[in-house]
Every structure is written in structure tokens, then in C-alpha cells.
Amino acid sequence: MNHKFRKIAIAGLIMGSAGLWQACTGDFEEMNTSKTKLTALGEDELPFLFSRAEQQASYSSGTYQIAQNLFADLYAQYYATSATYFPSDRYVMRFDWLTGHWNPIYTQVVPQLRTLFEQTDPASAEYALANVMWVYAFHRLTDYYGPVPYSEAGKPALSVKYDAQSDIYKDFFVRLDAAANALKANATAKPYGNFDLIYKGDAAKWLKFTNTLRLRLALRISKVDPAEAKKQAEAAVAGGVMTDVADDAYMVKNLAGDDANGLSRIAVWNEFRMSASMESVLKGYADPRIGIYYQPATATGTYEGLRNGLTAAELALAKNGNNDNSNVGTRWVTGSGAAWNTNFTTPQDIMHSAEAYFLRAEGALNGWNMGGTAKEFYEKGIAASMAQWGITGAAVTAYINSSAVPVAPGDQQNSPALSNIPIKWDEAASEAVKREKIGTQKWLALYPDGMEAWAEYRRTRFPKLYPVVNSENEDVPKGAVLRRIPFLTSERQTNGAAVLEAEKLLGGPDKASTPLWWDKN
């Protein structure tokens, strides 16, 4: 550009701007206010924020696969991968995928909930639900990694510190206690109304959910802080937990806003199938849920599963293909072979009364006041899980009294039966056997929530799952248990100083073999 012309042009621009400034200062505020952007939140907008937080706390269909299915679902051994390009089943940490687990909490949940905390009365049911959803979202996050950004999450800062998991759990119980008190005081309230995707603003049901979540977390810390666990568990039961399938929590799903059921969406892609662990237990127990959880294999018409951790060469062998193994049940997809059809609007399972009974059964074995015996709650948990899937009557009674045990799946690895634990409760059995019975049935009842099932497996080591056939992670060799997800590469790049401090909170190296604070196995 000609330098003389450039100087004249700049001078003219400055003079013109000055004239414009003098002429328009009276309308400056109006001119600089967007006509389309939301600049203030009123009460009418707050329910939308809660809906978004609910949806993202349990992951939308767009991130469900990389947030849950390729990690927790596999490590809980609900499924095994049948696609050769998913090394996470062989314990390879794909941190680029794991951003789908991490990012939505900080970008889609925390900002919404912090706004609700700012805009609602702390004594209100609306504030209480925001607290509950905060705990729900963060317990699923911290139980992957351990320390995570928590107390300062969502606050403007160049570097956000990580909190110790023990401190995070301490705050969980404070929030849930406050939420329970507020919901009890506002029992007839309808917080967020139909914008609440789980209970449509039913405060009484949310109170049971809150106490059941509190009970879940109490058992989670039972080995690391048994006194606090007992206190929190007994308070939860006294406050009223889920006791009926009518209390069960499902999230409404639809086709708008990437809000389809995540499991349904990915089940048509033919990338995972029933695990051999599930096959061994469900077949051995002649469990009537097998035809609900899974479908018969297209090629055989029978229920077949895969061992976790197969290599590409092993997956290429006969009997290991998609058509030779069982896809998820018709609740999520219908069809066969390569022609699967997605049931996008299937509600998402969030939490169920069956889990509450199994938690109480374990608490009773611990000597806590759970309002009944371990046997009573164990059998009620089985019945509640069956009822959840529409199975009632004589079939349930026969199952509860069955002496059946898991069977060998008959796979190419010649896998033995997963265990020799029968269904029927035996008061004369050892405490270890009773705990394994509870853990096995809870694992079956938690399906398809692999996040909770993996957390409980790490805490209890029940059921006794098969080791992965191959591990490609030197920190977790074949036969070892993957204990956590290491800190993300993206966090090291953008929040590096905080990650280095967080490593000091782990009690061990930043590896998948380092147990979480509550994992004392």
C-alpha cells in the first residue's frame, strides 16, 4: 500500500470516528446491546438450564460412546468390543476420546448449575435439585480420575486447581444433606416442572433419589472411612430411599438437540457385543433378563458373548464376528445382521430401586441399621430388578430360590465358569460368599450403567470378572485390574501446573494402576 495514502486513510478514519462518537454518545448503550443475545436470565429461562445440565451429566448421544461405552462399559464387562480399531478394550488409554467424558461436565453442566445457584433461593427445591445434579455429575467424573477440578470449577481463572477426592466426597455429603432437607421442606413443590427430564418436578421422588445417591456414595467410602460411611448410610435410609419401581429414575430422550438414547444410537454400528462374563452368569442362572439385555446372535439364534481384550487377529477367527455374538436388546435396537434400527427415544436408565436394596443388603452385613436383614434386602433387590424389566410372579420366586451357578461360555479361550456362586441366599454361608452374591446380583441389576458397575467392581471386586485376554498397557498387565483413568493430555497442555499439583493428591503415580482414594483392594 502507498504509505502516503495509508496515512491519509488512517487520519480520515480517526476523524470520522471522532465525529461519529460525538454524534452518537447519547445512544452508545443501545448501540452496544445485542438485539439477539440473551443478556439477562429470568425465572422463565432457568428450567432450560436445568434440562441441559441433566442431559449432559449423563452424557448426550453424541458423547456417550467415548464417555462411557469405550471405557466403563468395557471395564465393567457388560460388553466387549467386536471392532478391531478400539484398543481401549485392551487397556489402551485414548485421551483424545476421553475429552468426551471430561469436557461436557465443565462446559455444559457446571456453567448451568452455577447460574442456578446464583439465581435461586438456597432453601428452594430448585436449588436442591441443582445440588443433586452437581453431585451426580461429579461423582461419575471423580470416579474415573480421582482428583479433579471441583471447588473452583466454573470460576474464571487461568489455572483451575484439582481437589483431593476425599474432599470432593466430603462436599458431596454436605450438598446431599442440604438438598434432602430442602426437598423435605418443599415436598409439594414442582421444581422446573416438565423441564425436569427425569421426574417432571416431583419433589417427593427427588427426595428418594437424593437419599439413594447418598446411600450409594456412603457404600463407596465404606472401606476407607467406615464410620462416616455408616453415618451417611443410616441417614440416607432414615430419610427415605427408593423402594419401588415407581421410584426408578429414567431420563426422557427425543430426537431434538442430539438427545437420543446414547446406547441405542451406537448399538447399530456393530462395534461391540455381549461380554463372555455376562454370558457365563446369565446363561448359568437361566436369568430371564438375558432376552431383555441382549438379543440372540444373528447366525446362531443363541446368546453368545466375547472375552474382553481380543486382538484383531483373534476377532477375525470364526465365532468372534458380530453375527456370531449378541447385540443389546430390542429396547435399544431391532433388526439383525447389518440391518439394525435405532430406538432413539428409549428412556435412559439413571438409577433404580433395585440398587438401593442391594446397597442396604451390604450395609446390613456391615452391621449398619438399614431397616432389615441382608437376606431380605438381597431378595427384594432381585425382585425389584426383575420388576423393572416386567418380570414378576413365579419366575422371580423360582430364580430367588435357585441353586444354579454360572457356566463356562464355550469360547475359543476355553474360559471356565465365571464363578461357583449360586443365587439362593444361605444364612450359613461365609460373609465373603454373601458379599459376592450381593455384588453379583447388583452388577446384573445395574445394567446398562457401566459407569456405576465399574466403580462398584473396583470397590468390591465383585463379580469376579475374567481378566482381559490381552493388555497393551504396561502399567496394567494381563491379569491386573485397571484402577482409574490417568489425567488427560489436554489438561496437561492447558492446565499443566494444576495437574502437577494434582499428582501429589493421588497417593501414587499418575497411572491406570494407581487406586482411587476409596479403592482399598
Side-chain angles (χ1 to χ4, degrees), residues 76 139 143 169 173 208 211-244 281 285 351-386 396 399-406 418-447 449 452-465 481 515-521:
H139 96 281
D143 288 348
Y169 264 73
F173 291 122
K208 292 183 179 181
N211 286 320
T212 303
L213 181 56
R214 187 177 188 177
L215 180 61
R216 171 191 283 184
L217 300 182
L219 267 296
R220 189 83 92 242
I221 68 168
S222 59
K223 291 184 178 180
V224 68
D225 193 347
E228 183 65 15
K230 179 178 185 290
K231 170 187 169 183
Q232 295 296 338
E234 291 182 345
V237 171
V241 296
M242 295 176 172
T243 57
D244 190 270
V281 176
Y285 286 168
M351 185 183 286
H352 298 281
S353 58
E355 180 188 351
Y357 282 120
F358 291 122
L359 292 169
R360 293 170 76 181
E362 187 179 348
L365 280 184
N366 293 344
W368 304 346
N369 181 8
M370 297 285 97
T373 68
K375 178 180 185 293
E376 290 170 347
F377 293 132
Y378 172 77
E379 293 179 349
K380 287 182 178 179
I382 293 174
S385 179
M386 296 288 184
V396 177
Y399 184 90
I400 289 173
N401 291 299
S402 173
S403 296
V405 296
L418 194 65
S419 74
N420 62 353
I421 293 296
I423 302 166
K424 186 177 181 179
W425 188 265
D426 180 4
E427 287 291 3
S430 68
E431 181 179 320
V433 168
K434 290 175 181 177
R435 290 186 184 277
E436 186 171 356
K437 286 177 184 284
I438 293 169
T440 300
Q441 288 297 328
K442 181 164 59 175
W443 176 68
L444 292 173
L446 285 170
Y447 182 89
D449 187 356
E452 185 58 24
W454 181 42
E456 283 296 87
Y457 171 69
R458 286 175 286 161
R459 179 181 72 85
T460 67
R461 290 297 188 273
F462 299 132
K464 296 174 180 176
L465 301 174
V481 174
L516 298 184
W517 164 72
W518 45 254
D519 179 357
K520 292 302 177 182
N521 292 292

For the atom pair CE (Met351) and CG (Leu446), what is the distance rounded to the nearest 0.5 Å? 9.5 Å
Can you list everything that forms a ring pair (Phe, Tyr, Trp, His ring centres under 6.0 Å) with Phe377? Sequence neighbours excluded, please. none
Rounded to the nearest 0.5 Å, what separation is found between the CD atom of Glu456 and the CD atom of Glu362? 7.0 Å
Using only atom types and a distance under 3.5 Å, with no angle test, would you say the side chain of Glu234 pairs donor to acceptor with the backbone of Asn369? yes
Hey, is the main chain of Thr243 close enough, under 3.5 Å, to the side chain of Lys208 for a donor-acceptor pair? no
Indicate yes or no: at least one non-hydrogen side-chain atom of Leu418 is less than 4.5 angstrom from one of Lys464. no
Considering non-hydrogen atoms only, spot the tightest contact between Ala445 and Phe358 and give its length. CB-CE1, 3.7 Å
For residues Asp426 and Val433, determine if any side-chain heavy atom of one lies less than 4.5 Å from a side-chain heavy atom of the other. no
Quick one: pull up OG in Ser222 and CD in Gln232 and give me the separation to the nearest 0.5 Å. 13.0 Å
Where the side chain of Lys434 meets the backbone of Glu427, is there a donor-acceptor pair that is under 3.5 Å apart? yes
Heavy-atom pair with the smallest gap, counting every atom of Tyr457 and Pro463: CE1-O, 3.1 Å
In sequence, state the C-alpha distance, the side-chain angles, and the governing distance for Asp143 and Tyr169, and then conclude on side chain to side chain donor-acceptor pair (under 3.5 Å). CA-CA 10 Å; Asp143 288 348; Tyr169 264 73; 2.9 Å; yes
Taking it one step at a time, do Glu431 and Arg435 satisfy salt bridge (charged side-chain N to carboxylate O under 4.0 Å, His left out)? CA-CA 6 Å; Glu431 181 179 320; Arg435 290 186 184 277; 3.0 Å; yes
Are Leu215 and Met370 close enough that some pair of their side-chain heavy atoms sits under 4.5 Å apart? yes
Quick check against the 3.5 Å criterion: does Asn521 have a side-chain atom that pairs as donor or acceptor with the backbone of Arg459? yes
Between Leu219, Val237, Thr212, Thr373, which is the residue that forms a side-chain contact (heavy atoms from CB on, under 4.5 Å) with Arg360? Val237
I need the minimum non-hydrogen distance between Ala354 and Ser385, along with the two atoms involved. CB-N, 3.6 Å
Parallel, tilted or perpendicular: which fits the ring planes of Trp425 and Tyr378, with parallel below 30° and perpendicular above 60°? tilted
Could you measure the distance from the NZ atom of Lys442 to the OG1 atom of Thr460? Nearest 0.5 Å is fine. 6.5 Å
Keeping Trp443 on the side-chain end and Ala76 on the backbone end, is there a donor-acceptor pair under 3.5 Å? yes
Interatomic spacing from NZ in Lys230 to CH2 in Trp368 - rounded to 0.5 Å: 9.0 Å
Measure across Pro422 and Ser403 and return the closest heavy-atom pair with its distance rounded to 0.1 Å. CB-O, 3.6 Å
Quick one: which of Ile382, Val281, Ile400 gives a side-chain contact (heavy atoms from CB on, under 4.5 Å) with Ile423? Ile382
So with a 6.0 Å cut-off around NZ of Lys223, is the heavy-atom count from everything else above 12? yes
Indicate whether any N or O donor in one side chain lies under 3.5 Å from an N or O acceptor in the other, for Asn211 and Arg216. no
In the structure I gave you, are the side-chain heavy atoms of Arg461 and Glu436 within less than 4.5 Å of one another anywhere? no
Nearest non-hydrogen partners of Lys424 and Asn401, listed with the distance: CD-O, 3.7 Å
Which distance, rounded to the nearest 0.5 Å, do you find between the CG of Asp225 and the NZ of Lys231? 10.0 Å
